[in-house]
Amino acid sequence: LQKNEYFLSKVIQLYEMIIVRHGLMIVGLPFSGKTQAYRLLASALTDMKKKGLEGPITEVVEYHVLNPKSITMGQLYGEFD
């Protein structure tokens with residue numbers, strides 16, 4: 001694989017969104033790099049934590065993928081009970 005500036009900019013945008021938001025959804029066309037973007041970011045942040053590097057959110061990253069059809073709209077978008 002080779003470095004692609006467009007893809008790296010999307011990973012950086014994802015990182016910046018995670019810093020300012022409590023949660024987010026990644027949406028887009030099939031095969032547009034959504035899965036690889038969050039996996040690469042998770043791997044990079046985990047590696048940074050293990051190497052002792054500092055940053056706004058350098059932690060061991062754990063992610064969970066949800067099927068939006070398996071939960072209600074209120075649960076998906078955050079509804080107060």
Hey, quick one: are Leu53 and Val60 part of the same hydrophobic cluster, counting side-chain heavy atoms closer than 4.5 Å, chains of contacts allowed? no
Quick one: CD on Glu62 to OG1 on Thr46, what's the gap to the nearest 0.5 Å? 9.5 Å
Tell me whether the count of non-hydrogen atoms from other residues, nucleotides or ligands lying under 6.0 Å of CE in Met25 goes above 12. yes
Expected output: side-chain Gln75 to main-chain Thr72 donor-acceptor under 3.5 Å: yes
Same cluster or not: Val20 versus Val61, using hydrophobic residues (I, L, V, M, F, W, Y) connected whenever any side-chain heavy atoms lie under 4.5 Å apart? yes
If you round to the nearest 0.5 Å, how far is CD of Glu5 from CD1 of Ile12? 8.5 Å
Is the shortest side-chain heavy-atom distance between Lys10 and Leu14 below 4.5 Å? no
Kindly check if the number of other-residue, nucleotide or ligand heavy atoms within 6.0 Å of OH (Tyr63) is above 12? yes
Testing the basics here: between Tyr38 and Val65, what is the closest heavy-atom pair and its distance to 0.1 Å? OH-CG2, 3.2 Å
Could you grab the distance from atom CG of Leu45 to atom CG of Leu40, nearest 0.5 Å is fine? 9.5 Å
Closest contact, heavy atoms only, Leu29 versus Lys34: O-NZ, 2.7 Å
For a quick test of reading the model, state the closest non-hydrogen atom pair linking Lys49 to Glu59 and the distance between them. CB-C, 3.9 Å
Closest non-hydrogen atom pair, Leu24 against Met17: CD2-CB, 3.9 Å
same_hphob_cluster(Tyr6, Leu8) at 4.5 Å side-chain heavy-atom cutoff: no
